[in-house]
Amino acid sequence: MTCPNCGIERLAFAVPTDLREHLPDDAERVAICPRCLDLAPVEDAPADLPDFAGISDAVPDGEAGATMALAIGLLDSLALYRSEIGALLERVERAGTDPLLVVDRLAADPDVEPRFDLDRRRTQIEQLLYG
């Protein structure tokens, strides 16, 4: 399935049950575009978590990767999903990954062209986590 915004193949995955509460409509399956970072619910996704390096080498593997991908996908609506993003990023941090470092690396990745300003979101994330 390709991204309707940029035509790149999206990375689809089943959302772990305990993370669904942080998504609009408690989505069970989502897909994220590795270029524009658009996150959208989908009808079908593999049961196993994918290799999140398909987004960037900065994104961790496994459930921490799924959690980070969900947080990244919600960043374009930070005002609406502030508490959800905060909860997701805290989980990423508890899993041993620095979410600010992931955002920094995504912002520096020439293959990533989000529809929102990652540098500005980084400042807002820092305030959210540590402010």
Side-chain angles (χ1 to χ4, degrees):
M1 72 197 79
T2 59
C3 175
N5 300 312
C6 60
I8 299 295
E9 190 68 23
R10 295 186 294 177
L11 188 64
F13 60 99
V15 178
T17 307
D18 59 333
L19 298 178
R20 293 177 187 163
E21 68 183 276
H22 302 295
L23 295 177
D25 301 324
D26 299 329
E28 294 182 20
R29 292 172 214 69
V30 296
I32 187 167
C33 177
R35 176 174 288 159
C36 71
L37 305 178
D38 181 60
L39 182 75
V42 292
E43 293 295 320
D44 192 31
D48 294 332
L49 292 175
D51 180 5
F52 290 101
I55 300 170
S56 168
D57 290 340
V59 179
D61 291 333
E63 192 165 320
T67 307
M68 189 72 211
L70 295 172
I72 290 166
L74 293 175
L75 283 177
D76 71 330
S77 299
L78 183 62
L80 289 175
Y81 302 113
R82 185 174 200 83
S83 64
E84 291 86 348
I85 292 168
L88 290 166
L89 293 176
E90 286 174 8
R91 285 184 65 156
V92 169
E93 204 167 39
R94 282 194 310 267
T97 298
D98 180 350
L100 294 175
L101 183 59
V102 173
V103 172
D104 288 343
R105 289 184 178 168
L106 285 172
D109 189 329
D111 294 328
V112 175
E113 300 173 13
R115 299 180 313 164
F116 52 91
D117 184 347
L118 265 176
D119 290 324
R120 186 170 170 199
R121 291 295 193 264
R122 190 223 189 267
T123 302
Q124 294 168 323
I125 291 167
E126 190 171 20
Q127 291 171 349
L128 182 67
L129 290 174
Y130 310 114

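Just so it is clear, the values below take in all heavy atoms, side chains as well, and ignore hydrogens, waters and symmetry mates.
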Between the side chain of [X] and the main-chain N/O of [Y], is any donor-acceptor distance below 3.5 Å?
X     : Y     : value
Asp25 : Ala27 : no
Arg20 : Val15 : yes
Ser56 : Ala58 : yes

| request: Applying side chain to side chain donor-acceptor pair (under 3.5 Å), name anything that partners Glu28, two or more places apart in sequence or on another chain. | output: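 Expected list: none.
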| field | Residue pairs, two or more places apart or on separate chains, that pass ring-ring contact (aromatic ring centres under 6.0 Å, His included) and touch residues 17-44 | value | none
State, yes or no, whether a side-chain contact exists between [X] and [Y] at a heavy-atom distance under 4.5 Å.
X      : Y      : result
Met68  : Ile72  : yes
Glu113 : Cys36  : no
Pro24  : Leu74  : yes
Arg35  : Val112 : no
Asp38  : Ile32  : no
Leu129 : Ile125 : yes
Tyr81  : Leu23  : no
Leu89  : Leu100 : no

Would you say [Y] ends up clustered with [X] if hydrophobic residues are merged whenever their side chains have heavy atoms under 4.5 Å apart, either directly or through other cluster members?
X      : Y     : value
Phe116 : Leu88 : yes
Leu49  : Leu11 : yes
Leu75  : Leu80 : yes

Please name the pair of heavy atoms, one in [X] and one in [Y], separated by the smallest distance, quoted to 0.1 Å.
X     : Y     : result
Arg10 : Ala40 : NH1-CB, 3.6 Å
Ala12 : Pro50 : O-CG, 3.9 Å
Ala14 : Ala45 : N-CB, 3.9 Å
Ala64 : Ala95 : CB-CB, 3.9 Å

| note | Value for SG (Cys33) from CG (Leu39), rounded to nearest 0.5 Å, stands at 10.5 Å
| note | Value for CG (Leu78) from CD (Gln124), rounded to nearest 0.5 Å, stands at 5.0 Å
| task | Would you indicate whether Asp18, at its atom CG, is surrounded by more than 12 heavy atoms from other residues, nucleotides or ligands within a distance under 6.0 Å? | result |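 Yes, the 6.0 Å shell around CG holds more than 12 heavy atoms from other groups.
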| field | Selection residues 51-77 - residue pairs positive for salt bridge (charged side-chain N to carboxylate O under 4.0 Å, His left out), sequence neighbours left out | value | Glu63-Arg91, Asp76-Arg115
Show the atom names and distances, to 0.1 Å, of all donor-acceptor pairs under 3.5 Å that link a side chain in residues 103-111 to residues at least two apart or in another chain.
unit_1, atom_1, unit_2, atom_2, d
Asp104, OD1, Arg122, NE, 2.6
Asp104, OD2, Arg122, NE, 3.3
Asp104, OD2, Arg122, NH2, 3.4
Asp109, OD1, Asp111, N, 2.8

| With sequence neighbours left out, what residues match Thr2 under side chain to side chain contact (heavy atoms under 4.5 Å, CB included)? |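 Here the qualifying residues are Glu9.
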| task | Applying ring pair (Phe, Tyr, Trp, His ring centres under 6.0 Å), name anything that partners Phe13, two or more places apart in sequence or on another chain. | result |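 Partners of Phe13 under the ring pair (Phe, Tyr, Trp, His ring centres under 6.0 Å) test: Phe52.
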